[in-house]
Number of protein chains: 2
Amino acid sequence: MSQRSHRAAPEHTHPDDVPVQTALAALADPVRIQLVRELAGAADWERTCGTFDVPVGKAALSHHFSVLRAAGLIEQRDAGPKRVNRLRRPEFDERFPGLLDLVLRDAGDAGDAEDAGDSGDDRRPGA
Amino acid sequence: MSQRSHRAAPEHTHPDDVPVQTALAALADPVRIQLVRELAGAADWERTCGTFDVPVGKAALSHHFSVLRAAGLIEQRDAGPKRVNRLRRPEFDERFPGLLDLVLRDAGDAGDAEDAGDSGDDRRPGA
DNA sequence: TAGACTGTTCAATCAATAGCGAACAGCCAG
DNA sequence: CTGGCTGTTCGCTATTGATTGAACAGTCTA
C-alpha cells in the first residue's frame, strides 16, 4: 500500500495531450508567466507553492497551478504538508519546441532593447 | 498622386513592439488561429477579410483582425472597397522564433488524443 | 491530541472579451 | 447620383476567467 500520503494526487496532463491553444492560453497570463520563470530558475522539486512572488492570494495561486498542470507545464508532488513543483521542460519542449524559451527569454520587455542587427523589414502600408 | 484611399489606414503594430503575453493571447483563440492558418496558406495580399471560413459574423471578424494587427501578426492594406491581408511571417518569426510554426503545424489536434470529456490520464510520477 | 502550517475547494464578485444586430462610411459599377 | 458591396463602429448581451475571503482537509511538530 502506498504510505506516501492519503491526499489525492493532483491531476496531471502530459504535454502530448495538450492542444496548442491550451498551452498558449496557459502562458498568456502575467501571473503564470512569473510562476514559470521562477520555476525555471530553480531546481526540480525545490520550490513549494507558497514560495512564489506573485501578487495574488493563495486561492488564486492554487487555481493558476491547476491551469499550469492542465497545460502540461508543471508537475507537482506532495512532500509532507507542502507541495513541490517541477517545470516539465524537456517534455514540454519536445511537444512545443521553442515556446518555453520564448517566455523565459522575453523577461517582461517588449523587445525595445534588442540588438541593432535589424534585418530591416520596414515596410509601411499606404505609402 | 496616391489615390490609394481616403479611408483611415488601420493601425499596425510591429512585432518588435509586442510583448510575448500579447502575442500568446492573440494566438490563444480558435477563430484567430484559423485566420492565421488560412492566411499562411495563401499569398500575400491575396485574401480579403470576408473570404475566411470562420463561424462568426463580420463584426466579430473585424474585431479579431484588429487583435491580430495589434499583435503584429498581420498587415492590412486597402484595395478598393475591400481590405487585403498579409501574414507578417518573417518579422514575426524573427521576434518570436518558432511560435508561428507551432500554431501552423499543430492543425487543431492535441497530438493524437482528443476527447470530449475529462481525461482520466492521471499518471503519477511514481518512482 | 492540539496546534500551526500548507494548499484546495466553495460561493460570490468583477473585469475582460467574444458575440450579434444594426447603423454607418468609403469604394466601385451602373 | 444611386445602389450594392465591404468592412468598421456602436450598443448590448453572454460567457469566460481571475480574484478574494472563508471554510475545509491533510501533514508535521510539540
Side-chain angles (χ1 to χ4, degrees), chain A residues 2-12 19 21-35 39 45-71 74-86 125-126, chain B residues 1-12 19 21-22 24-35 39 45-71 74-86 118 122:
Chain A
S2 56
Q3 71 291 22
R4 268 292 178 222
S5 103
H6 299 148
R7 197 139 120 234
E11 288 182 17
H12 285 93
Q21 192 190 321
T22 302
L24 295 176
L27 289 170
D29 180 280
V31 174
R32 290 194 286 266
I33 286 183
Q34 178 67 16
L35 293 178
L39 217 39
W45 314 120
E46 204 177 34
R47 303 288 298 269
T48 63
C49 293
T51 66
F52 290 83
D53 187 26
V54 285
V56 293
K58 58 179 182 176
L61 188 61
S62 184
H63 162 68
H64 285 302
F65 276 115
S66 172
V67 173
L68 290 178
R69 275 199 315 265
I74 67 167
E75 197 175 349
Q76 292 186 315
R77 178 198 294 173
D78 286 335
K82 311 191 177 183
R83 183 162 280 187
V84 286
N85 301 274
R86 167 190 168 256
Chain B
M1 54 185 84
S2 53
Q3 72 290 11
R4 264 297 171 221
S5 92
H6 300 147
R7 200 139 119 231
E11 288 180 17
H12 285 94
Q21 192 189 323
T22 301
L24 296 176
L27 290 170
D29 179 281
V31 174
R32 290 194 287 266
I33 287 183
Q34 179 67 16
L35 293 179
L39 216 40
W45 315 120
E46 204 177 34
R47 303 288 299 269
T48 64
C49 294
T51 66
F52 290 83
D53 187 26
V54 284
V56 293
K58 57 179 182 176
L61 188 59
S62 185
H63 162 69
H64 284 302
F65 276 116
S66 172
V67 173
L68 290 178
R69 275 198 316 264
I74 66 167
E75 196 175 351
Q76 292 185 314
R77 177 198 294 173
D78 286 335
K82 310 190 176 182
R83 183 162 280 187
V84 287
N85 300 275
R86 166 189 168 257
D118 175 65
D122 49 328

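In what follows, chains carry the letters A, B, and so on, assigned in the order in which the sequence lines appear, proteins first and then strands, with residues in each chain numbered from 1.
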Provide, to the nearest angstrom, the distance between the CG atom belonging to B:L68 and the P atom belonging to C:dT17. 14 Å
Going by side chain to side chain contact (heavy atoms under 4.5 Å, CB included), name the residues that satisfy it together with B:V67, two or more places apart in sequence or in a different chain. B:A26, B:R32, B:H63
Phosphate oxygens OP1/OP2 of D:dA18: is one of them under 4.0 Å from a side-chain N or O of A:R32? yes
Can you measure B:Q34 atom CD to C:dA18 atom P for me and round it to whole angstrom units? 16 Å
Nearest whole Å is fine: how far is C:dC27 C1' from B:K82 NZ? 12 Å
Using side chain to side chain contact (heavy atoms under 4.5 Å, CB included) as the criterion, list what pairs up with B:A28, not counting sequence neighbours. A:L24, A:A25
On a heavy-atom basis, which atom in A:G80 and which in A:R7 lie closest, and how many Å separate them? O-NH1, 3.6 Å
Whole Å only: how far is the CZ atom of B:F65 from the P atom of C:dT17? 19 Å
Gap between atoms CZ and P, on B:R77 and C:dC27 respectively (whole Å): 16 Å
Does anything in residues 51-61 of chain A pair up under side-chain hydrogen bond (donor to acceptor under 3.5 Å, both in side chains), and if so which pairs, sequence neighbours excluded? A:R47-A:T51
Near-strand residues of residues 47-63 of chain B, defined as heavy-atom separation under 4.0 angstrom from DNA chain D: B:T48, B:C49, B:G50, B:K58, B:A59, B:S62
Any side-chain N or O of A:H64 under 4.0 Å from OP1/OP2 of D:dG17? no
Report yes if at least one side-chain N or O of B:R83 is closer than 4.0 Å to OP1 or OP2 of C:dG26; otherwise report no. no
Taking atom C1' of D:dT16 as reference, at what distance in whole Å does atom CG of B:D29 sit? 12 Å
Those residues that, when tested against A:R86, pass side chain to side chain donor-acceptor pair (under 3.5 Å) (two or more places apart): A:D44, A:E75, A:E91
Nucleotide C:dG7, atom P - distance to CD of A:E11 in whole Å: 19 Å
Most 5' of A:A79 and A:V67 on DNA chain D, judged by nearest nucleotide: A:V67
Can you name the closest pair of heavy atoms from A:E11 and A:R69 and give their distance? O-NE, 3.3 Å
Between atom CD1 in A:I33 and atom P in D:dA18, what is the gap in whole Å? 12 Å
What residues, two or more places apart in sequence or in another chain, satisfy side chain to side chain donor-acceptor pair (under 3.5 Å) together with A:Q34? A:E38
